[in-house]
Each structure stands twice: as C-alpha cells, then as structure tokens.
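Scroll down for the structure; my scribbles are underneath it.
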Protein chains: 2
Amino acid sequence: MVNKTNSTEFTILSAAKNIFSIKGKDGATMQEIADQAGINKALLHYYFRTKDLLFEQVFFEEVKKFSPILKNAIAQEVDLYQKIHNICEAYILMALDNPFVPVFVVGEINKQPDLFIHKLFDGDFPDFPLLAAQIKKEVDAGKIKPIQPHQLIMNMMSMCIFPFLMKPMFVVGMGIDKEVFQNLMLQRIKEVPKFIIDSIKI
Amino acid sequence: MVNKTNSTEFTILSAAKNIFSIKGKDGATMQEIADQAGINKALLHYYFRTKDLLFEQVFFEEVKKFSPILKNAIAQEVDLYQKIHNICEAYILMALDNPFVPVFVVGEINKQPDLFIHKLFDGDFPDFPLLAAQIKKEVDAGKIKPIQPHQLIMNMMSMCIFPFLMKPMFVVGMGIDKEVFQNLMLQRIKEVPKFIIDSIKI
DNA sequence: GTCTATAACTCGATAGAC
DNA sequence: GTCTATCGAGTTATAGAC
C-alpha cells in the first residue's frame, strides 16, 4: 500500500489546487505551482504532460466529489422540507470543505458553458425537474405558499453558495473576520432551510 | 457634438467588455479584442496604452455605475421592507443591464481581495453596518422574526446576484431558454423581496 | 524520478511608414 | 489615426544528463 499523501504526485496536485484556486487557470503559472510544491517545473510536465491536463485533473477531481452528493440529495424520496434540509447541507458542507470549488465553477462555466457542464456531470445531471415537480405538487395541494419551482430552487442554491463566492467581500467589506465567517457558514446549514421554510410554509 | 457610439474608442471598449467578461482579464488576449473590434492590435495600445489600463477602464466604468446606486439604496431612510425592495431592485436591474459585471467581480475579488475592493468602492463602502443595525432594531422590537442581520443581508444579496453568475447552469442544466431566464429575473425584482418578507414577518 | 538547460511559442508592446 | 512588422519578456514544454 503506497502512501499517496507524501507522493510527489499528490504534492503537485495539492499545490496546483491552491494556485489555480487563487489565480485561476490562466493567471497561474507552472513555475509558481512548481515552487509551491517544492519541486521543479519539468517534473510537472513529467507527471501531467500539460498545464491544461493538470488543471482538468485538479478541477474535476474536486468537483466530482461534489456532484454525486448533490444528485443524491435531490433524488432521495423524502418530503420537501426534509429534502430542502438535505440539499442545503450537502451544498454548504461541500463548499466549507472545498471553498475554492464554487469560484472555479463560476469562472469556467462562463467561459465554455456547454463543454464544461457536460464534463462536470458526465451527462448525468441532477434531477432538477424531479425537484421542481415535487415543489409544484406541494403548491397545488395547498401545502406551501404559491411559488414558481424554479424561483425556489434558485433561491436555495443562491443562499447556499453565493457567500463562498463573495467571501472576500464579506470579510473586507463587512468587516467580519475569517473565523466569524466560518461560523456564519456553519450556522447557515440550519439557517438557510429555516429561512426558506419560514417563507413558504402556510 | 461627437458621435461617441461609432468612435473607434467606443468600439474597442465594447469589444473589450465582451471578451474580458467571458475570458477574464488573464484569459483574454489583445489580439482577440482587436479582432472583435475589427481593428488591429497596435491601435488598442494607441488608445489605452496597456492591457491593464484597458481592463481597468472597462471594468471600473461598468462597476462604478453600479456602486453609487447600491450605496444609495442602503443609505436611504425608509422602513426595512421598503429598503429590501429598493436594494433588490437596484441589484437585479443592474445585473440585467450588465450581466457580466457579477462574473467580473467574483473573478477579480478572489484574486486580489483588498486591492480590488478598495478600487471598487474608492474607500467609500456601502453602509452595511447601518443596514445591519436597522435589522437588529426591528428584531429587538419584535417586529420581525429573530434573525442575525448578517445572515439576512447575505440571503438578500445571494438571491439577487447568484442566478446571474450561474446563468449557463440554469440555461443548460435546467433546460430553461434565454428568454425564460430573462423573464424569471424580471419577476425576481418582486419575488425576492416577497420571499424575504414572507420569511421574516411575524 | 528528478534535475538543468534550452527550445518553441504566445502575447503585450513598440517602431516606423502612411 | 491606422496599419504592418517586429522586438522582447515571460511561459509552456522538451531534451538529455544523472
């Protein structure tokens, strides 16, 4: 059994994740990544051939941890309130664990939408129509207030992910420090579902 | 009176806005911008000296239209519900008018937070503490449900801006076409404040 | 596997003619 | 103001020794 944690390959991936996250794919240089990994440029190419391939590996490795968890939370057969809890928890925990992923995704999704989305989900999208249908059913049955399913889904995703995209804005602009930010995000696992349910319950 | 609309300078700014928006500052090349503007590379430098200066001009010109409107909506002396309406409207109308600005901001704010935020607001931040205090006052007076002001502010900003960041995701992933998306966003000018107020009212 | 050295290339920027 | 041509810096990528 090999200790992957200390392997050169892992060290590179870890350094690349850092640099790419901060500077983006184009802003990062192989030199920086090599420096941070404490090795040399040629070795990056030895392991990953090109910058593009290194980026893809880093990126999709991160993102793909994520997408089955979300797909699962959406596909589960539980009542709407419980599902909202599960989805919010999945999103926020993921983002807390990989705070760079959302920034990654926004950047790339706006460059090459079709290509990127297909790579992201491998043609196997989360079943948003199912969720929309479930919401519509509750509305029609008069169990929650009237709301367009798409609007509710957007609201939920927005509140879970956006704060991670704008973290620097909140930290610098609103003067809250990093630990406070972390705590606010942890609270949001409960607060966001509560906020949503308070809004839609009859 | 000069017709700025057809001037070379305007053509360049417009092309640059497009390219920078999609590819980001680093991903864009002067060649692409020149091609899109139907002129040649040297002319870009003639008008704007450097890529950095061109970027700054494009970016801050767009963003600065925005920040006084927001600052104003936050500073106004109106009751909380009205203020929530005004802020949401300001954000969403701005984003509808300049759909690239949010993508810009997220990209750049995560590269050089301090520098960028200072350039963005010129040291003159929107008065979020004021808004937070107003929320706290309503909570303490028992006029709205208990909620941490920061959480409420995050919720509001999130729901206004996030959909524009993830537009390709919604368009491709949720299968809604561009006109439908546009309409959903227009509806959100009323829907988001409604959603928020439904959640916090007693 | 890891290194040094360097080739090959991209891209921002400038010179200079018109 | 606008163009063509080219320079030079910085980067990705490779060759080849160890």
Side-chain angles (χ1 to χ4, degrees), chain A residues 1-61 104 107-108 110-112 115-116 119, chain B residues 1-61 104 107-108 110-112 115-116 119:
Chain A
M1 169 122 187
V2 185
N3 182 358
K4 272 230 165 188
T5 306
N6 291 324
S7 73
T8 304
E9 192 169 344
F10 182 86
T11 309
I12 293 172
L13 281 170
S14 173
K17 183 172 138 187
N18 271 317
I19 303 289
F20 279 137
S21 301
I22 296 165
K23 308 229 171 170
K25 180 182 155 186
D26 299 307
T29 72
M30 297 295 263
Q31 186 62 61
E32 283 176 296
I33 294 168
D35 290 348
Q36 172 132 356
I39 52 117
N40 107 342
K41 238 179 7 170
L43 215 51
L44 295 181
H45 288 98
Y46 173 78
Y47 278 101
F48 299 95
R49 270 187 51 80
T50 68
K51 187 187 182 183
D52 274 359
L53 288 172
L54 174 57
F55 178 77
E56 291 224 347
Q57 187 118 348
V58 169
F59 185 91
F60 289 104
E61 199 155 281
F104 262 30
E108 295 304 310
N110 283 285
K111 282 176 202 163
Q112 304 205 0
L115 183 68
F116 180 77
K119 280 190 174 175
Chain B
M1 173 119 181
V2 185
N3 183 355
K4 271 230 165 188
T5 307
N6 290 324
S7 72
T8 303
E9 192 169 343
F10 183 85
T11 310
I12 292 172
L13 280 171
S14 173
K17 183 172 138 185
N18 270 317
I19 303 289
F20 279 137
S21 301
I22 297 166
K23 308 227 170 170
K25 181 181 157 189
D26 299 310
T29 71
M30 296 298 261
Q31 187 62 59
E32 282 176 298
I33 294 168
D35 290 348
Q36 172 132 353
I39 51 118
N40 109 341
K41 234 180 13 167
L43 215 50
L44 295 180
H45 291 285
Y46 174 77
Y47 278 103
F48 298 96
R49 273 187 46 86
T50 69
K51 187 187 184 185
D52 274 359
L53 287 172
L54 175 58
F55 178 78
E56 291 224 345
Q57 187 119 347
V58 169
F59 185 93
F60 290 105
E61 199 156 281
F104 261 30
E108 297 304 312
N110 283 285
K111 281 176 201 164
Q112 304 207 359
L115 183 68
F116 180 77
K119 280 190 173 177

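All chains are named by letter (A, B, ...) in the order of the sequence lines, taking the proteins before the strands, and each is independently numbered beginning at 1. Excluded from the calculations below are hydrogen atoms, water molecules and symmetry mates; all remaining heavy atoms, backbone and side chain alike, are included. Predicted model, so just to flag it, every value in this text is computed and none were measured.
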Short side-chain N/O contact to C/dT2 OP1/OP2 from A/Y47, under 4.0 Å
yes
Going by heavy atoms in the side chains, are A/I39 and A/T11 under 4.5 Å from each other?
no
Nearest whole angstrom, please: distance from the P of C/dC11 to the CG of B/L54.
16 Å
May I ask you to evaluate whether B/T29 reaches the phosphate of C/dT10, defined as a side-chain N or O under 4.0 Å from OP1 or OP2?
no
Students often get this wrong, so: under 4.0 angstrom with heavy atoms, is A/A34 touching a base, only sugar-phosphate, or nothing?
nothing
Which of the following nucleotides, C/dT2, C/dC3, D/dT12, is nearest to the side chain of A/T8?
C/dT2
Taking CG from A/D52 and P from D/dA13, how many angstroms apart are they, rounded to a whole number?
7 Å
Quick check against the 3.5 Å criterion: does A/E32 have a side-chain atom that pairs as donor or acceptor with the backbone of A/T29?
yes
Report the distance from atom CG of B/D35 to atom P of C/dC11, rounded to the nearest whole Å.
12 Å
Of the non-hydrogen atoms in A/K23 and B/D26, which two are nearest, and what is the gap between them?
O-OD2, 4.2 Å
Nearest whole Å is fine: how far is D/dA17 C1' from A/Y46 OH?
15 Å
Tell me whether the OP1 or OP2 atom of D/dA13 has a side-chain N or O from A/H45 closer than 4.0 Å.
yes
Between D/dT12 and A/T50, is there an OP1 or OP2 to side-chain N/O distance shorter than 4.0 Å?
no
Whole angstrom value for the distance that separates C1' of C/dT2 from NZ of A/K41:
15 Å
d(CD1, B/I19; C1', C/dC11) in whole Å
15 Å
Length of the line joining B/M30:CE and C/dT14:C1', which is rounded to integer Å:
12 Å
Integer-rounded Å distance: D/dG10 C1' and B/K51 NZ:
13 Å
I'd like to know if B/E61 pairs up with B/K17 as an ion pair, taking the criterion as any Lys NZ or Arg NE/NH1/NH2 lying under 4.0 Å from an Asp or Glu carboxylate oxygen.
no
Take the angle between the ring planes of A/F60 and A/F116 and call it parallel below 30°, perpendicular above 60°, tilted in between.
tilted
